[in-house]
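These numbers come from a predicted model, not from an experiment.
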Amino acid sequence: MARAPLLLLLPFLLAALCVASLTPGAIAAGRKTVGVYELRKGDFSAKVTNWGATVTSVVFPDSKGNLGDVVLGYDTIAEYVNGSSYFGALVGRVANRVAKARFVLDGKVYHLYANDGKNALHGGHRGFSKVIWTVKEYVSGGDSPHITLYYHSFDGEQGFPGALDVYVTYELSSPYVLSVRMNATALDKATPVNLAQHTYWNLGGHGSGDVLGNTVQLLASRYTPVDATLIPTGQLAPVAGTPYDLRAPTAVGEHLRQVVGGSSGGSTVYGYDMNYVVDGDARALRKVAAVRDGASGRALELWADQPGVQFYTGNFLKDVKGKGGETYGQYAALCLETQGFPDAVNHPEFPSQIVRPGEAAYKHDMVFKFSF
């Protein structure tokens, strides 16, 4: 789920990042450094940049032993700075949409930065995907290659209340398993928190065309219907008998033309961009989804501990110049963003995403299991 207006770099951001000097490796940005960090375990590897805590590549073999990068992205950090698709990023403070860019918490009205029409999307125009994170720990190889990144979000950032300490760890926790561990602690005020990992997956390889022939399975018997601006109505509707029923492995393209995924320039855009209610205990680590690309034999299984998962099929990708000279078109990848329900802060009937000082921290774990 990644529709947003084209980002215009503001003067303060240009001052912080000398864009002209950015390279695919590392750059200086004031007293901080933006770099790309590789994690490697045999023929399985991932790259992460601390710009937006972003996954820039995941490489593993296909059924014939050929290595391939299955993540959409760019060649340079400068392109991530200027990009508007959230490729690989960790989005927040509140992922997905907040209706009318406002909410009421403990009797006080908070106004957010509206960057998706009248709504706030993925934390605002400068959410966690558009900031420099601090590298706290980095181990490139060995038994458990990992990187831990930290960001301090200040009180009032993008309109959200309270200071927040946020950590994410990416780890190659076992052969062909990528673990993502997120946590956030409210320091002085109650605040909504809903972090999501926004990688675009194409198991055939990032430049292999569309994913309409991939099979996808979502372990979700219900979904949260939305209005014309993609804000949940508050219902939890059964998927049975609808094009949203993906409980059995189904080709991505099989029902896609029956699903309205938004509009662009007054025209209807078809494709999935929907939050599903994951079956089982809403805060327990459980299987969420499975994806398979028949041509390459590659498969992905996702486990997570969140109540929802946003399934997005790259509906708004159009002639995006990607890494390695590839151009990404519509449906060039899919996203599986485990999360709290969109606009939960305005829906008391949804599971709460409020984090309070002195109480339990926000926690969000994901496990991607790859096979071929």
Side-chain angles (χ1 to χ4, degrees), residues 1-9 17-27 29 34-40 43-90 129-130 140 170 178 197-214 252-253 264 269 271 291 293-298 300 312-336 368 370 372:
M1 187 274 296
R3 188 181 176 214
L6 182 64
L7 179 71
L8 299 178
L9 291 180
L17 285 170
C18 183
V19 175
S21 70
L22 295 178
T23 69
I27 60 157
V34 174
V36 177
Y37 302 84
E38 183 175 45
L39 310 176
R40 179 173 291 277
D43 58 5
F44 178 44
S45 66
K47 291 181 180 177
V48 175
T49 174
N50 59 319
W51 174 260
T54 297
V55 175
T56 64
S57 78
V58 173
V59 175
F60 69 102
D62 65 10
S63 59
K64 297 180 180 179
N66 300 311
L67 294 178
D69 184 353
V70 298
V71 167
L72 271 60
Y74 303 111
D75 283 322
T76 67
I77 301 297
E79 292 168 293
Y80 284 98
V81 171
N82 288 284
S84 59
S85 296
Y86 303 97
F87 283 162
L90 191 147
S129 61
K130 292 294 182 182
S140 62
Y170 295 102
L178 170 64
Q197 216 298 317
H198 209 300
T199 293
Y200 285 69
W201 302 99
N202 184 328
L203 295 178
H206 72 96
S208 65
D210 66 55
V211 297
L212 299 181
N214 284 191
V252 171
S264 178
V269 176
V291 182
D293 174 59
S296 67
R298 294 192 186 96
L300 173 161
Y312 175 60
T313 48
N315 311 332
F316 292 96
L317 294 177
K318 182 180 180 182
D319 299 329
V320 178
K321 295 188 182 306
K323 57 191 173 185
E326 300 292 349
T327 299
Y328 306 138
Q330 191 177 40
Y331 313 130
L334 58 83
C335 301
L336 294 165
F368 294 93
F370 302 99
F372 45 94

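For the pair Val291 and Trp201, the minimum side-chain heavy-atom distance is 4.5 Å or more. When side chains are defined from C-beta on, Tyr170 counts as touching Leu90, because their heavy atoms get closer than 4.5 Å. Counting heavy atoms from C-beta on, the side chains of His198 and Cys335 come closer than 4.5 Å. The side-chain heavy atoms of Tyr37 and Thr49, taken from C-beta on, include no pair separated by under 4.5 Å. Under the 4.5 Å side-chain criterion, counting only non-hydrogen atoms from C-beta, Tyr200 is in contact with Ser85. Inter-residue side-chain proximity for Asp43 and Phe60 is flagged as unmet; no heavy-atom pair is nearer than 4.5 Å.
A donor-acceptor pair is defined here as one N or O able to donate and one able to accept, closer than 3.5 Å; no such pair exists between the side chain of Lys318 and the backbone of Gln330. Judged by distance alone, with hydrogens and angles left aside, the side-chain atoms of Arg298 form a donor-acceptor pair with the main-chain N or O of Leu203 at under 3.5 Å.
Take Asn315 and apply the side chain to side chain donor-acceptor pair (under 3.5 Å) test, not counting sequence neighbours, and it matches Thr313. Residues satisfying the ring pair (Phe, Tyr, Trp, His ring centres under 6.0 Å) test with Tyr331, not counting sequence neighbours, are none. Qualifying side-chain contact (heavy atoms from CB on, under 4.5 Å) partners for Glu326, counting only residues two or more places apart in sequence or in other chains: His206, Tyr328. By the salt bridge (Lys or Arg N to Asp or Glu O under 4.0 Å) test, Asp69 pairs with Lys323, sequence neighbours left out. For Tyr74, the ring pair (Phe, Tyr, Trp, His ring centres under 6.0 Å) partners are Tyr80, Phe87, not counting sequence neighbours. Applying the side-chain contact (heavy atoms from CB on, under 4.5 Å) test to Val211 and every residue at least two apart in sequence or in another chain returns Asn202, Asn214, Leu334. With sequence neighbours left out, Thr199 forms a side chain to side chain donor-acceptor pair (under 3.5 Å) with Gln197. In this structure Ser296 satisfies the side chain to side chain donor-acceptor pair (under 3.5 Å) test together with Asp293, sequence neighbours excluded.
Rounded to the nearest 0.5 Å, atoms CG (Leu72) and OG1 (Thr56) are 12.0 Å apart. A distance of 8.5 Å separates OG in Ser45 from CG in Leu39, rounded to the nearest 0.5 Å.
For residues 44-68, the set of pairs meeting the salt bridge (Lys or Arg N to Asp or Glu O under 4.0 Å) definition, not counting sequence neighbours, is empty.
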